[in-house]
Amino acid sequence: FQHFMEILQVTKVRMLQISKKFTLLFVVIFIAFSIVLTMHSKSSFSLFEVFTKDKMQQLVGQNKNAHNITNVTTNGGPVQNTSSHHNFKGAYNNVENNTASKVEGKIENGSLTSSTKIIERFLDGLLDSRFDEPSCMSRYQSHLYRKTSPHKPSSYLISKLRKYEEIHRRCGPNSKPYHRTMTKILHSKSIEGDAKMCKYLIWKPVNGLGNQMVSMVAAFLYALLTNRAMLVSFGKDKQRLFCEPFLNSTWLLPKTSPFWNEKHVETYQSMIEKKNVINNSKSDLPSTLFLNLQYQQNFHEKFFHCGDSQALLVKVPLLILQSDQYFLPSLFMTPFFNTELEKMFVEKDTVFHHLGRYLFHPSNSAWRLITKIYQKHLAKADEKIGIQIRVYNPVTTPQQVIANLVLNCTLENNLLPKVLDMKSSISSKTTTKVVLVASLNPQYGENLKTMYMNKSTVSGEVIEIFQPSHEDQQKFNDNEHNMKAWVDMYLLSLSDVLVTTSLSTFGYVAQGLGNLRPWLLYKLVNNETHYPACEREFSMEPCYHSPPKHYCSGKPIMEFSSSFLYMRKCKDFGFGVKLVS
């Protein structure tokens with residue numbers, strides 16, 4: 001029996017040795033197989049990449065009808081498959097075919113290699129590449145519809161965005177830190193020291209969609225500077241407008257949150273009016289504060305741009321911010337943020353351009369509308385001209401007065417050609433300009449269409465006019481109205497030349513997203529004429545309509561440009577300021 005056991009033990013050892021050899025052999029074969037596949041396939045597959053279902057389907061050529069993208073990582077970095085491997089049914093078929101043909105055209109012309117394609121797609125590193133493409137088609141396709149921006153985000157801004165995304169993932173809704181922090185805030189009137197506690201900025205909407213979008217960008221930069229997770233209190237009127245901007249989380253304030261209503265929350269205004277608040281201990285500060293930066297005719301200085309105010313606000317775990325203003329320039333007035341802003345934005349007049357493109361991606365519903373209109377009316381144009389017309393006082397300003405203003409602007413600055421009396425002939429067609437009109441009133445688009453229809457022009461150009469929507473009047477808290485407004489704004493941002501109405505945040509959004517310095521139509525409020533009809537804007541940044549009027553010392557600010565390095569008076573509003581480089 002003892003001899004039998006010895007034989008059994010020897011056999012066991014030998015079997016274990018054989019098993020180890022086979023294991024080693026299997027690993028060697030696996031690595032060799034991977035190398036062969038990598039060398040002979042033109043996919044983005046790398047040596048130690050995970051074998052996903054999509055990847056295996058790619059390798060055997062069975063991925064034509066895949067509906068999910070699995071993003072994989074190698075050595076901790078994202079690996080993005082750049083091949084076109086989605087064939088969506090229904091409304092997306094034409095979009096996919098058109099965008100694919102655009103890419104092929106660029107490659108044939110030698111203007112777009114596979115590496116530059118990836119760089120353009122993710123806006124030079126501005127966007128996280130690990131999103132699922134079908135969840136937000138515009139994130140992956142928008143670069144095909146607009147010119148490549150010459151303004152590159154700084155490496156420091158990119159790193160700040162990646163760090164913010166991690167904060168939002170950790171502290172966002174439905175996470176344990178979120179529930180723990182919100183419970184603590186809800187049951188405590190003052191702050192108790194906790195350095196690891198998540199901090200939040202809840203943004204509340206007011207006024208129209210253009211106002212809301214410029215204020216959201218300002219609020220997001222403030223959240224970025226103060227390491228807060230930004231949550232937005234979107235109502236039904238903003239459903240299906242935007243994609244989620246942050247990976248593996250949501251920016252939507254949960255419907256169950258008790259902070260949709262700020263009526264019982266202490267206000268920032270009341271806090272700064274307490275003379276001794278600066279000397280108070282941290283425990284005397286509230287756990288929640290309501291900050292109203294909305295434009296008000298009866299202006300009260302808020303001193304939001306002052307270091308002392310920011311030193312207090314940074315300690316408050318939850319800020320509820322309501323604004324219809326692009327208050328972002330006030331952050332550049334604050335020494336508290338100077339160092340960070342200098343590193344984040346080398347070009348100071350590109351803040352909205354970078355952050356707007358980072359935050360606002362049309363939802364799939366909006367993207368279907370945008371691409372459908374673009375392919376039908378704008379794709380074949382040699383030049384796209386966007387004209388945005390806002391009438392501030394329809395009662396006192398006749399339509400013809402506004403129409404004359406638009407014509408004077410576009411004709412005198414050679415944006416549009418004059419019309420000849422003779423009818424057009426086929427041989428006269430040289431180039432085509434398509435004019436996209438955005439206005440609540442349909443008459444402006446119709447008048448331009450009538451003017452150029454079947455007419456020759458002095459330049460020989462063919463002029464086509466299209467107006468996507470006309471709502472007659474602005475509507476608030478209306479989802480369909482907001483969808484049309486968002487589509488119009490985005491289409492305007494795809495223009496080569498842009499004409500906008502002074503003081504209009506609608507135009508601000510379009511110019512910022514599109515890297516455009518528009519021609520500003522003079523703001524008419526009566527039956528009058530004005531010369532010149534428009535002026536060229538010096539910056540694509542939005543105007544801040546209600547900037548601070550006092551230094552932190554209480555002394556009135558007489559001239560912004562002499563006191564603040566990157567400030568200048570707005571062309572369209574003398575009391576406003578905007579960022580310049």
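Values below: every heavy atom of this structure, side chains too, minus hydrogens, waters and symmetry copies.
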Fill in the blank from the handout: Sequence neighbours excluded, the answer for salt bridge (Lys or Arg N to Asp or Glu O under 4.0 Å) partners of Arg169 is Glu166

Practice task
Report yes or no: do Ser493 and Arg146 form a side-chain donor-acceptor pair below 3.5 Å?
Solution key: yes

Problem - Aromatic centroids of Tyr295 and His545 separated by under 6.0 Å - result: no

Handout entry: Flag if over 12 foreign heavy atoms under 6.0 Å of NZ, Lys236
Key = no

Handout entry: Side chains of Asn479 and Asp237, donor plus acceptor under 3.5 Å
Key = no

Handout entry: Parallel, tilted or perpendicular: ring planes of Phe220 versus Tyr358, cut at 30 and 60 degrees
Key = parallel

Exercise for the section: For ring-ring contact (aromatic ring centres under 6.0 Å, His included), just list the numbers for Trp486 and Phe506, CA-CA rounded to whole Å, side-chain angles, deciding distance to a tenth of an Å, and then say yes or no. Expected result: CA-CA 9 Å; Trp486 175 216; Phe506 196 104; 9.8 Å; no

Exercise for the section: May I ask you to check whether Ser149 and His353 show a side-chain donor-acceptor distance below 3.5 Å? Expected result: yes

Exercise for the section: Would you check if Gln325 and Gln294 make a side-chain contact, meaning some heavy-atom pair closer than 4.5 Å? Expected result: no

Handout entry: Over all atoms of both residues, closest heavy-atom pair of Met333 and Val577
Key = CE-CG2, 4.3 Å

Problem - Lys/Arg cation over aromatic Phe304: Lys302, 6.0 Å, 45° cone - result: no

Practice task
Indicate whether any N or O donor in one side chain lies under 3.5 Å from an N or O acceptor in the other, for Ser215 and Trp203.
Solution key: yes

Problem - Residues forming a salt bridge (Lys or Arg N to Asp or Glu O under 4.0 Å) with Lys199, sequence neighbours excluded - result: none

Problem - Flag for Tyr508-Asn211: side-chain donor and acceptor within less than 3.5 Å - result: no

Handout entry: Non-hydrogen side-chain atoms of Phe327 and Leu321 separated by less than 4.5 Å
Key = yes

Problem - Heavy-atom closest contact (Met230 atom, Met216 atom, distance) - result: CE-O, 3.7 Å

Problem - side chain to side chain donor-acceptor pair (under 3.5 Å) partners of Lys523, counting only residues at least two apart - result: none

Exercise for the section: Answer yes if the ring centres of Phe131 and Tyr140 are under 6.0 angstrom apart, and no otherwise. Expected result: no

Fill in the blank from the handout: Sorted by chain and residue number, the side chain to side chain donor-acceptor pair (under 3.5 Å) partners of Tyr544 (sequence neighbours excluded) come out as none

Practice task
Take Phe332 and Phe337 through the ring-ring contact (aromatic ring centres under 6.0 Å, His included) test and state the conclusion after the steps.
Solution key: CA-CA 7 Å; Phe332 281 80; Phe337 301 128; 9.7 Å; no

Problem - Enclosure of Tyr156 OH (heavy-atom neighbours >12, cutoff 6.0 Å) - result: yes

Exercise for the section: Establish, from distance only, whether the side-chain atoms of Asp488 and Ser469 form a donor-acceptor pair under 3.5 Å. Expected result: yes

Practice task
Name all pairs fulfilling the salt bridge (charged side-chain N to carboxylate O under 4.0 Å, His left out) condition that reach into residues 318-342, sequence neighbours left out, sorted by first residue then second.
Solution key: Lys160-Glu340, Glu340-Lys343, Glu342-Lys348

Practice task
Please check if any side-chain donor atom of Gln310 sits under 3.5 Å from a side-chain acceptor atom of Tyr222, or the reverse.
Solution key: yes

Problem - Minimum side-chain heavy-atom gap Leu186-Phe259 below 4.5 Å - result: yes

Fill in the blank from the handout: Between Leu126 and His354 the two heavy atoms that sit nearest each other are CD2-O, 3.2 Å

Practice task
May I ask you to check whether Tyr268 and Ser309 show a side-chain donor-acceptor distance below 3.5 Å?
Solution key: yes

Exercise for the section: Please test His377 against Phe466 for ring-ring contact (aromatic ring centres under 6.0 Å, His included), starting from the C-alpha separation and ending with a verdict. Expected result: CA-CA 7 Å; His377 298 280; Phe466 176 67; 3.6 Å; yes

Problem - Ring-ring centroid check Tyr490 Phe360, cutoff 6.0 Å - result: no

Problem - With Arg162 via salt bridge (Lys or Arg N to Asp or Glu O under 4.0 Å) - residues at least two apart - result: Glu165

